[in-house]
Amino acid sequence: MVSFEMNDRKKIGLGLTGFGILFSFLGIIFFFDKGLLAMGNILFLSGVMLTIGLKSTMQFFTKRKNYKGTISFGFGFFLVLIGWPLFGMIFESYGFIVLFSGFWPTLAVFLQRIPVLGWLFQQPFVTSFFDRYRGKRVPV
């Protein structure tokens, strides 16, 4: 059984992941500032590692079906670090979409259950969009 308890390590990991997303967003807003993007990448990856654990992170990134996304994300991360932020973010975005495409149905269910904004995500045109991209990975 998977443990869903929130200990201090997971809280710090979620905070680092959030700051990583914030710094990446600011890096994009400020015309692909390579310092902010690099800091965002480092914070995001370290936050993911703290949240789900080092072993689970390594297993996730080294799964056979995730190789294409891992290589693309890693190459984009390298390009950002050496100073090519625009091309790096293109590769990272593609890798992120490939890696985390299995989580979109879970995210859709979560968004539909938000108390205030959930009604927007329960509208027929939005649910049809979510249902179209629901893969075979999520049991019905």
**Student:** What pair of heavy atoms forms the shortest contact from Thr17 to Thr51, and how long is it?
**Tutor:**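 Reported closest heavy-atom pair: OG1-OG1, 4.1 Å.
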**Student:** Can you tell me how far CG of Leu79 sits from CG of Leu86, rounded to the nearest 0.5 angstrom?
**Tutor:**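 The CG atom of Leu86 sits 10.5 Å away from the CG atom of Leu79.
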**Student:** Please indicate whether Met89 has more than 12 foreign heavy atoms, meaning atoms of other residues, nucleotides or ligands, lying under 6.0 Å from its CE.
**Tutor:**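 Check passes, neighbour count above 12.
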**Student:** Give, for atom CD1 of Ile28 and atom CZ of Phe25, the distance between the pair rounded to the nearest 0.5 Å.
**Tutor:**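 CZ of Phe25 is found 8.0 Å from CD1 of Ile28.
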**Student:** When you look at Phe110 and Phe121, which way does the ring-ring contact (aromatic ring centres under 6.0 Å, His included) test go after all the steps?
**Tutor:** CA-CA 10 Å; Phe110 173 75; Phe121 295 104; 9.7 Å; no
**Student:** Work out which heavy atom in Phe32 is nearest to a heavy atom in Pro85; give both atom names and the distance.
**Tutor:**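 That closest heavy-atom pairing would be O-CG, 3.2 Å.
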**Student:** Please verify the inter-ring angle class for Phe44 with Phe100; under 30° counts as parallel, over 60° as perpendicular, anything in between as tilted.
**Tutor:**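 Perpendicular, since the angle between the ring planes exceeds 60°.
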**Student:** Rounded to the nearest 0.5 Å, how far apart are OG1 of Thr62 and CG of Asn66?
**Tutor:**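 One finds 8.5 Å between OG1 of Thr62 and CG of Asn66.
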**Student:** Starting from Met39, can I reach Leu50 by hopping between I/L/V/M/F/W/Y residues whose side chains sit under 4.5 Å apart?
**Tutor:**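 Both belong to a single hydrophobic cluster.
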**Student:** Should we say atom CZ of Phe60 is surrounded by more than 12 heavy atoms from elsewhere, each under 6.0 Å from it?
**Tutor:**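 Counting other residues, nucleotides and ligands, CZ of Phe60 exceeds 12 neighbours.
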**Student:** Using modelled atom types and a 3.5 Å cut-off, is there a donor and acceptor pairing between side-chain atoms of Ser72 and backbone atoms of Lys68?
**Tutor:**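 Side chain of Ser72 to backbone of Lys68: no pair is present.
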**Student:** Looking only at non-hydrogen atoms, find the nearest pair between Lys11 and Met6 and report the distance.
**Tutor:**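 So the two residues come closest at CG-CG, 3.6 Å.
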**Student:** Any non-hydrogen side-chain atom of Phe77 less than 4.5 Å from a side-chain atom of Ile42?
**Tutor:**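 When only atoms from C-beta onward are counted, Ile42 and Phe77 do touch, with a gap below 4.5 Å.
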**Student:** Can you name the nearest heavy-atom pair linking Phe61 to Thr70, along with the distance?
**Tutor:**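 Between these two residues, the closest heavy atoms are O-OG1, 2.7 Å.
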**Student:** Flag yes if Leu37 and Ile29 sit in one hydrophobic cluster, no otherwise; membership is Ile, Leu, Val, Met, Phe, Trp, Tyr, and two members link when side-chain heavy atoms are under 4.5 Å apart.
**Tutor:**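 Hydrophobic grouping puts Leu37 apart from Ile29.
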**Student:** What heavy-atom pair brings Thr57 and Met49 nearest, and what distance separates the two atoms?
**Tutor:**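 Answer, listing the atom of Thr57 first, then Met49: OG1-CA, 3.5 Å.
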**Student:** Quick check: closest heavy atoms across Phe30 and Leu36, and the distance to 0.1 Å?
**Tutor:**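 Minimum heavy-atom separation between Phe30 and Leu36: CD1-CD1, 3.7 Å.
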**Student:** Flag yes if Ile21 and Ile52 sit in one hydrophobic cluster, no otherwise; membership is Ile, Leu, Val, Met, Phe, Trp, Tyr, and two members link when side-chain heavy atoms are under 4.5 Å apart.
**Tutor:**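 Yes: a chain of side-chain contacts under 4.5 Å links Ile21 to Ile52.
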**Student:** Please tell me whether Trp84 and Leu81 are part of a single hydrophobic cluster in this structure, the criterion being side-chain heavy atoms less than 4.5 Å apart.
**Tutor:**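 No, separate clusters.
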**Student:** Between Val48 and Leu43, is there a shared hydrophobic cluster once you connect ILVMFWY residues whose side-chain heavy atoms come closer than 4.5 Å?
**Tutor:**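 Different hydrophobic clusters.
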**Student:** So, taking the atom named OG in Ser101 and the one named CZ in Phe96, what distance separates them when rounded to the nearest 0.5 Å?
**Tutor:**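 It comes to 10.5 Å.
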**Student:** Return the CD1 to CD distance between Ile97 and Glu92, rounded to the nearest 0.5 Å.
**Tutor:**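 Separation between the atoms: 12.0 Å.
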**Student:** With rounding to the nearest 0.5 angstrom, report the CG to CD distance, Leu117 to Gln122.
**Tutor:**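 These two atoms lie 11.0 Å from each other.
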